[in-house]
Amino acid sequence: MFIAHFGVGFAGKKFSKSASLGTYFMAAQWVDLIWPILVLLGIEKVEIEPGISSVTPLDFTYYPFTHSLAGVLIWAILFGTIYYYIKQNSKVSIILGLLVLSHWFLDLLVHIPDLPIFPGLELKVGLGLWNSLVTTLIIEGLVFIVGLYLYLSSTKAKNKTGTFALWGLVVFLGAIYISNLFGPPPPSAEAIGIVGNAQWLIVLWGYWIDRNRE
Ligand SMILES: [Zn+2]
């Protein structure tokens with residue numbers, strides 16, 4: 001999953017305006033933001049296996065720290081707790097924790113059974129919507145559009161930048177998503193790690209949008 005996580009991030013703003021859109025993006029996409037770092041460090045493993053599902057050539061062979069249910073639960077608690085220490089806002093802390101956790105359940109819908117429940121345990125789950133490109137596009141597109149709608153219904157642009165930065169990001173995310181789906185497979189795990197780290201720019205883009213909307 002890719003754009004659906006950002007859809008959930010957009011939706012965060014509906015529940016509380018106290019945190020920036022960038023923070024909501026960071027929470028919803030947290031485990032995919034740290035995954036590329038762990039891949040580059042060789043701690044988690046990904047292989048390129050074209051045809052493994054209809055949607056992605058990536059075979060997530062080992063990623064218990066970022067993508068096991070237990071791991072995501074710990075990240076969710078840590079994320080919410082650290083935010084609480086910094087901002088003393090319990091409502092937003094809970095929203096952020098739930099956003100971190102939402103990542104695993106959205107991934108559960110689409111991934112083929114490669115998501116561990118607990119590090120070290122053989123059991124891996126995934127409902128496998130990735131076996132159908134059309135179903136994946138519908139589900140992921142729907143989550144993204146609903147999230148964007150909730151965001152639009154709870155914020156408005158303060159200036160022209162607030163409009164263009166937002167729609168620029170929507171187009172940009174759509175373009176990356178399409179090129180991931182229909183482009184050639186990545187050349188190596190290292191390349192995936194490097195490109196994956198560029199997602200931090202989307203988080204920064206979220207902060208930029210937020211400053212220009214109210
Ligand atoms: Zn993920």
Side-chain angles (χ1 to χ4, degrees), residues 1-12 22-41 43-49 52-80 96-119 121 123-133 135-137 139-144 147 173-174 176-181 185-186 189-203 206:
M1 276 228 162
F2 179 62
I3 55 170
H5 297 306
F6 290 97
V8 172
F10 274 125
T23 308
Y24 288 130
F25 277 172
M26 203 196 297
Q29 189 63 340
W30 179 250
V31 298
D32 275 4
L33 284 163
I34 49 172
W35 174 72
I37 300 170
L38 296 196
V39 167
L40 286 178
L41 291 172
I43 297 169
E44 294 198 335
K45 304 255 183 281
V46 61
E47 282 167 33
I48 297 144
E49 201 72 60
I52 190 164
S53 75
S54 309
V55 171
T56 176
L58 304 189
D59 183 4
F60 301 97
T61 49
Y62 185 73
Y63 59 167
F65 305 111
T66 59
H67 278 78
S68 68
L69 177 57
V72 176
L73 202 56
I74 290 169
W75 286 118
I77 293 166
L78 273 177
F79 201 105
L96 291 170
L98 289 174
L99 287 186
V100 174
L101 195 59
S102 77
H103 188 108
W104 193 84
F105 289 93
L106 282 177
D107 276 0
L108 178 68
L109 289 178
V110 293
H111 279 237
I112 54 174
D114 60 27
L115 292 161
I117 297 288
F118 201 87
L121 222 67
L123 178 66
K124 289 181 178 176
V125 291
L127 299 175
L129 287 185
W130 271 346
N131 288 319
S132 161
L133 181 61
T135 318
T136 303
L137 280 170
I139 296 291
E140 195 152 10
L142 213 61
V143 175
F144 184 75
L173 288 174
I176 301 181
Y177 189 51
I178 299 296
S179 75
N180 278 345
L181 288 179
E190 199 189 7
I192 297 166
I194 291 166
V195 173
N197 271 303
Q199 290 187 90
W200 288 98
L201 294 174
I202 302 172
V203 173

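Order of appearance sets the numbers: ligands from 1, and atoms from 1 within every ligand. Just so we're clear, the structure is a prediction, and the values are computed from it rather than from any experiment.
- Below 30°, between 30° and 60°, or above 60°: for F60 and Y63 the angle between ring planes is below 30°, a parallel geometry.
- With the Zn ion (ligand 1) at the apex, H103 NE2 and H67 NE2 define an angle of roughly 110° (rounded to 10 degrees).
- Of the candidates L58, V195, V46, P186 forms a side chain to side chain contact (heavy atoms under 4.5 Å, CB included) with just one, namely L58.
- Among the atoms of H5, none of the N, O or S atoms falls under 2.8 Å from the Zn ion (ligand 1).
- Looking only at its N/O/S atoms, D107 has OD2 as the one nearest to the Zn ion (ligand 1).
- Closest approach between the Zn ion (ligand 1) and any N/O/S atom of D32 involves OD1.
- Classified by interplanar angle (parallel below 30°, tilted 30° to 60°, perpendicular above 60°), the ring pair H103/H67 is perpendicular.
- Checked options I176, L173, L137; the residue passing with I3 is L173 (criterion: side chain to side chain contact (heavy atoms under 4.5 Å, CB included)).
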